[in-house]
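Below is one structure; the comments refer to it alone.
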Amino acid sequence: MALGQKIFLDPRLSADGKTSCASCHIPGSAFGDAKPVAIGHDGLAGTRNTPSLTATIASGRTTFFWDGRRDKLEDAVMDPFSNPVEMGLHDRAAVASKVASLSDYSKWIASGEPTEKLDQQISAALAAYLRGLPMTPTRFERFTRGEANAIDEREKLGMRLFAGKGQCGTCHKLPDARLTDDLFHRSGVSMDDIALALPALTQSVLDRNLSGNALGDRVATHANEAQLGHFAVSHRVADLETFATPSLREVRLTAPYMHDGSVRTLDDAVDREVYYRGLDTGYPIGLTAQERADLKAFLETL
Ligand code: HEC
Ligand code: HEC
């Protein structure tokens with residue numbers, strides 16, 4: 001087993017000794033979980049839905065986390081260790097000291113290796129493990145690589161609706177099966193919950209001025225601030241309540257949906273997106289029940 005994979009699967013690197021990366025990014029479930037929001041060490045709940053890491057890696061996304069607070073995978077993979085509701089270690093340095101203290105890691109660690117060097121080694125190994133995850137091409141990926149029959153006629157109808165009338169392809173880009181545009185958009189999900197609190201919440205974010213893992217720790221423990229999305233990173237009003245466009249790879253396996261996991265089924269997610277994206281542009285997207293069913297059939301090939 002490679003170092004990155006061993007660390008990914010190792011529950012000893014957490015506050016309760018029972019939580020590993022794989023507790024939430026479950027290899028058999030597209031490296032996500034089936035929960036609305038993540039549950040970390042000692043049963044503590046976070047505020048956001050666990051993303052599928054195979055979807056993230058396959059799409060080649062250029063930012064990480066729903067709010068885009070990290071732009072290097074090497075940084076993103078280290079944040080969960082010290083997140084207070086994920087793995088709960090005291091700080092980032094605790095990861096390297098813990099690894100150094102476990103004898104079964106000795107074959108990867110030079111004796112007397114300084115902690116900072118080991119820290120870099122761990123972050124590089126985790127990032128390399130994720131970049132190298134074996135992935136069976138999805139039917140849509142086979143189709144984009146030239147296998148015309150990998151999706152059937154009805155699914156092709158759905159694809160045309162996705163790219164055309166449904167306008168989904170504006171953000172979930174079809175070329176190279178990336179299914180994202182690397183941008184942040186307002187989704188309308190759970191926005192009403194914080195409407196009255198917005199002035200105080202935005203001020204609090206500006207006053208604290210957090211970034212990187214400190215911002216991650218904060219939003220994982222403050223549901224209302226988590227709703228502000230990319231604003232907490234950019235501090236631009238136009239980014240209020242916007243979230244990264246998720247790749248829809250294997251979306252049939254990744255319920256529940258959206259940044260807060262508040263949408264239970266794929267049908268509900270499609271209905272929401274059709275309604276809200278229409279509202280966004282000012283032109284309602286009229287799709288018949290049959291067209292919605294075809295669109296969903298296409299989503300199931302992704
Ligand atoms: C308690 C559940 C939990 C654990 C444990 C966990 N994660 Fe995550 N992971 C999440 C959640 C939730 C998010 C999204 C957080 C956000 O957007 O603010 C996430 C996001 C990520 C992302 C960014 C993905 C994207 O699509 O933007 C990466 C990379 C990642 N985790 C890697 C790891 C690694 C590596 C570990 C172990 C060191 C780990 N995670 C442990 C729940 C977890
Ligand atoms: C303006 C850009 C944009 C358009 C157009 C768009 N989406 Fe999305 N989509 C997003 C964003 C951003 C999210 C995440 C929103 C959130 O979590 O709050 C999302 C989330 C989703 C999800 C949930 C994915 C998950 O992993 O939770 C599905 C399913 C989805 N979109 C399907 C569609 C369909 C079908 C269409 C066309 C009818 C569409 N989208 C049009 C940007 C867009």
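When a ligand or atom number is given, it counts from 1 through the structure's own listing order. Since the structure is predicted, the reported quantities are computational estimates derived from the model, not experimental observations.
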**OP:** State whether Cys171 contributes an N/O/S atom found under 2.8 Å from atom 8 (Fe) of ligand 2.
**Re:** no
Under 4.0 Å to a heavy atom of [X] - the qualifying atoms of ligand 1, by number:
X: Arg69; result: 16 (C), 18 (O)
X: Val77; result: 35 (C), 38 (C)
X: Met87; result: 5 (C), 37 (C), 38 (C)
X: Ser20; result: 5 (C)
X: Gly40; result: 1 (C)
X: Ile39; result: 1 (C)

Taking 4.0 angstrom as the limit and counting only heavy atoms of [X], give me the atoms of ligand 2 inside it, by number and element.
X: Gly166; result: 37 (C), 38 (C)
X: Pro246; result: 11 (C), 13 (C), 14 (C), 19 (C), 20 (C), 24 (C)
X: Phe243; result: 12 (C), 18 (O)

With the threshold set at under 4.0 angstrom, would you say [X] reaches ligand 1 through any of its heavy atoms?
X: His259; answer: no
X: Asp33; answer: no
X: Thr47; answer: no

Taking atom [atom1] of [X] and atom [atom2] of [Y], what is their separation to the nearest 0.5 Å?
X: Arg277; Y: Gln167; atom1: CZ; atom2: CD; value: 10.5 Å
X: Leu179; Y: Cys171; atom1: CG; atom2: SG; value: 12.0 Å
X: Met78; Y: Lys72; atom1: CE; atom2: NZ; value: 14.5 Å
X: Gln227; Y: Thr47; atom1: CD; atom2: OG1; value: 8.5 Å

Original post:
Going through the distances and angles, do Asp176 and Arg178 end up as a salt bridge (Lys or Arg N to Asp or Glu O under 4.0 Å)?
Top reply: CA-CA 5 Å; Asp176 302 324; Arg178 289 200 63 219; over 6 Å; no
Original post:
Between Arg139 and Glu155, does at least one N-O distance fall below 4.0 Å, as a salt bridge requires?
Top reply: yes
Original post:
Is Phe184 in contact with ligand 2, taking contact as a heavy-atom separation below 4.0 Å?
Top reply: no
Original post:
Closest non-hydrogen protein atom to atom 27 (O) of ligand 1, residue and atom name please, with distance?
Top reply: Phe65 N, 2.5 Å
Original post:
What protein heavy atom sits nearest atom 26 (O) of ligand 1, and how far away is it?
Top reply: Thr56 OG1, 2.6 Å
Within the structure, does [X] bring an N/O atom to less than 3.5 angstrom of an N/O atom in ligand 2?
X: Trp66; answer: no
X: Ser247; answer: no
X: Ser187; answer: yes

**OP:** Kindly give the heavy-atom pair with the smallest separation between Thr221 and Val85, and that separation in Å.
**Re:** CG2-CG1, 3.9 Å
Subject >> Closest heavy-atom pair and its distance - Thr254, Ser52 >> reply: CG2-CB, 4.0 Å
**OP:** For ligand 1, find out whether one of its N or O atoms is nearer than 3.5 Å to an N or O atom of Thr19.
**Re:** no
Original post:
Is Asp67 close to ligand 1, meaning an N/O of one under 3.5 Å from an N/O of the other?
Top reply: no
Subject >> Mutual orientation of the aromatic rings belonging to Phe8 and Tyr129 [parallel < 30°, tilted 30-60°, perpendicular > 60°] >> reply: tilted
**OP:** Indicate the ring-plane relationship of Phe243 and Trp66, choosing parallel, tilted or perpendicular according to the 30° and 60° boundaries.
**Re:** perpendicular
Would a distance-only check, ignoring hydrogens and angles, find a side-chain to backbone donor-acceptor pair under 3.5 Å from [X] to [Y]?
X: Ser29; Y: Phe31; answer: no
X: Ser123; Y: Glu74; answer: yes
X: His222; Y: Arg218; answer: yes
X: His41; Y: Pro84; answer: yes
X: Arg61; Y: Thr63; answer: yes
X: Thr301; Y: Ala297; answer: no

Just to be sure I read this right, does ligand 2 sit under 4.0 Å from the backbone of [X], its side chain, both, or neither, counting only heavy atoms?
X: His172; answer: side chain
X: Leu248; answer: side chain
X: Met258; answer: both

**OP:** Let me see the working for Arg292 and Asp271 under salt bridge (Lys or Arg N to Asp or Glu O under 4.0 Å), right down to the final yes or no.
**Re:** CA-CA 8 Å; Arg292 276 169 210 249; Asp271 284 348; 2.8 Å; yes
**OP:** For Lys18 and Asp42, run salt bridge (Lys or Arg N to Asp or Glu O under 4.0 Å): C-alpha distance rounded to whole Å, both residues' side-chain angles, the deciding distance at 0.1 Å, then the answer.
**Re:** CA-CA 8 Å; Lys18 295 182 189 148; Asp42 297 296; over 6 Å; no
Original post:
With respect to atom 16 (C) of ligand 1, which of His41, Lys35, Arg48 exhibits the smallest heavy-atom separation?
Top reply: Arg48
**OP:** Report the member of Arg186, Arg277, Gln167, Met191 with the shortest heavy-atom distance to atom 42 (C) of ligand 2.
**Re:** Arg277
Original post:
Counting heavy atoms only, which part of Leu73 comes closer than 4.0 Å to ligand 1: side chain, backbone, both or neither?
Top reply: side chain
Original post:
Name of the Glu273 N, O or S atom nearest atom 8 (Fe) of ligand 2?
Top reply: OE1
Original post:
Can you check salt bridge (Lys or Arg N to Asp or Glu O under 4.0 Å) on Arg160 and Asp294, steps first, answer last?
Top reply: CA-CA 10 Å; Arg160 273 176 231 123; Asp294 294 344; over 6 Å; no
Original post:
Which N, O or S atoms belonging to the protein are less than 2.8 Å from atom 8 (Fe) of ligand 1?
Top reply: His25 NE2
